[in-house]
2 protein chains.
Amino acid sequence: MDAIKTYLNGLVKLSDAEWADFEKCLRKETVTRKSFLLKEGQVCNFLAFIGNGMFRFYTTEGGEEKVTAFFFSGDFFSNYRSFLTGFPSRHYIEAMQDSVIFMIEKKDLLALYDKHRNLERLGRFFAENLYLGVANRLDSFLFDSPKERYDDLVRRNSKLLNAIPQYMVASYLGIKPESLSRIRARK
Amino acid sequence: MDAIKTYLNGLVKLSDAEWADFEKCLRKETVTRKSFLLKEGQVCNFLAFIGNGMFRFYTTEGGEEKVTAFFFSGDFFSNYRSFLTGFPSRHYIEAMQDSVIFMIEKKDLLALYDKHRNLERLGRFFAENLYLGVANRLDSFLFDSPKERYDDLVRRNSKLLNAIPQYMVASYLGIKPESLSRIRARK
DNA sequence: GTTTTCCGTTGATCAAAGTCAATAACCAAC
DNA sequence: GTTGGTTATTGACTTTGATCAACGGAAAAC
C-alpha cells in the first residue's frame with residue numbers, strides 16, 4: 001500500500017484526506033499465475049497497481065498470440081483504451097506469476113476526480129504518462145529495425161529478458177521467434 | 001474562434017468565465033506555406049488549434065524525411081512529448097498551406113489548469129484523446145501490413161490522399177514511395 | 001513555349017523477416 | 001530416471017519491402 005502512496009506522491013502531493021479517500025477505493029486482490037484480469041470482449045473498468053508480480057497483455061490473431069505489453073511490480077496498468085472509451089478489450093490481461101495487486105474501479109476514480117482537485121490532476125498525469133509510454137513504443141516501430149528494438153530492450157530492460165520466455169519477447173518486438181533467435185545469433 | 005469554443009465544449013462544458021480566461025490566452029497566428037512552427041532541437045511550449053490550413057510533422061533520418069503526422073482544420077496539435085517533458089523536439093512542424101492557427105502557451109495553460117477546475121479536466125481530456133490517437137496508430141503498426149494501413153487510410157481519410165503527395169503518404173505509412181506505388185498497382 | 005525539376009511508376013536485384021520442418025535443450029510430471 | 005511437452009535453434013525456401021536505376025508525365029520556372 002505504501003508503494004502506491006509513494007508512487008502517487010511522485011506525481012502529485014496528496015493531502016491526508018485525499019489519500020484516505022483514494023485508499024478507501026482500493027481493493028487488494030491476490031491472483032494466481034495464468035489467471036486473467038481481463039479477457040477479450042470485456043470492458044476494462046479498472047486501473048491496477050502491481051504490489052508484487054508480473055502481467056502481460058496479448059491478443060489473438062488467427063489463433064496466434066500477439067503480446068503487446070508487460071507490467072511489473074510498481075507499475076500501474078489498465079487496458080486504458082477500453083477504460084476510456086468503454087469499448088470492449090481486444091486484449092487479454094494475464095498474470096504471469098502469482099501476484100498481488102490493488103485495483104480501483106473506474107466509477108470510483110471518476111468520483112474521486114470530482115471530489116478532489118488534486119486527484120483530477122492525478123488523472124491528467126496518468127493520461128500524460130500513458131501517452132508518453134505509447135508514444136515511445138510507437139517511435140520504436142517507426143524508427144527502429146527489429147534488431148534495434150531488441151538491442152534497446154537489452155540495454156534498458158535486461159531483467160525483463162530473464163523473466164520472460166523468448167517467444168513472448170519476439171512477439172512484443174513484432175517479429176517471429178525464429179527471427180529473434182537469428183538476430184541474437186548474428187552478433 | 002468559435003470553432004475552438006465548439007471543440008472545447010465538446011470535451012467539457014465551460015462557463016463564460018472559464019472560456020473568457022482561456023480565450024485571453026489564445027494568440028492568433030497566420031503562417032505561410034513551408035514555414036515552421038517548430039524545428040528539430042527546439043522545445044515545444046504550445047498547443048495549437050488549426051482554424052484553417054494543414055500541417056505535417058516530420059523528422060530527418062540520415063538526410064531523409066520521415067513524416068509522422070498530419071493535422072487539418074479543426075485539429076488541436078502539439079509536439080506533445082516535447083510539450084510534456086520539456087525535452088527538445090525530434091520533429092519539424094511545417095505548414096503545408098498558408099494557415100491560420102490559435103496558439104496557447106504551456107505556461108498559460110498550466111496557470112489555467114490551476115485556476116479553473118474544468119480546465120484542469122480539459123487538460124486531462126487532451127491527454128486522454130492524444131493517448132487514444134497514438135494508441136490507434138501504434139496498433140496499425142502492430143497488427144496491420146502496409147497494404148492494410150493504406151487501405152485503412154483510403155477508407156477513413158480519403159480526403160487526405162488528395163491533399164498530400166504520395167511520397168509523404170508512403171512515409172507516414174512507414175514504407176518507401178516505390179513500395180506504395182506497387183501496393184496501389186497490385187489491386 | 002521550352003526547359004527544368006519533381007513526382008510517380010516500373011524493372012532488376014538485394015536484404016530481411018516469414019514459413020515450414022526438423023532437431024536439440026530444457027523443464028516438469030510421473 | 002524416464003517420459004512428454006514446451007522452448008529455442010537451425011536449415012531451406014518464400015515473400016515482401018528496400019535499393020538502385022531508368023523513364024515518362026506534369027507542373028513550375030524561365
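Just so it is clear, the model here is predicted, and its values are computed rather than measured. Here is the naming used below: chain letters follow the sequence lines, and residue numbers restart at 1 for every chain.
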Where protein sits on nucleotides 11-20 of chain C, one letter per nucleotide: B base, S sugar-phosphate only, - none, heavy atoms under 4.0 Å
BB----SSBB

Could you check whether atom CZ of Phe87(A) has more than 12 heavy atoms from other residues, nucleotides or ligands sitting under 6.0 Å from it?
no

Between Arg149(A) and Phe141(A), is NZ or CZ placed under 6.0 angstrom from the six-membered ring centre and within 45° of the ring axis?
yes

Between dG25(D) (P) and Tyr167(B) (OH): distance, integer Å:
22 Å

Please state how far atom CG in Leu161(A) lies from atom P in dT7(D), giving the value in whole angstrom units.
17 Å

What is the distance, to the nearest angstrom, from the NZ atom on Lys34(A) to the P atom on dA28(C)?
12 Å

Between the side chains of Tyr150(A) and Arg184(A), is a donor N or O closer than 3.5 angstrom to an acceptor N or O?
yes

Give, for atom CE of Met96(B) and atom OG of Ser35(B), the distance between the pair rounded to the nearest 0.5 Å.
12.5 Å

I want to check something: taking the side chain as every heavy atom from C-beta on, are Thr59(B) and Leu142(A) in contact at a cut-off of under 4.5 Å?
no

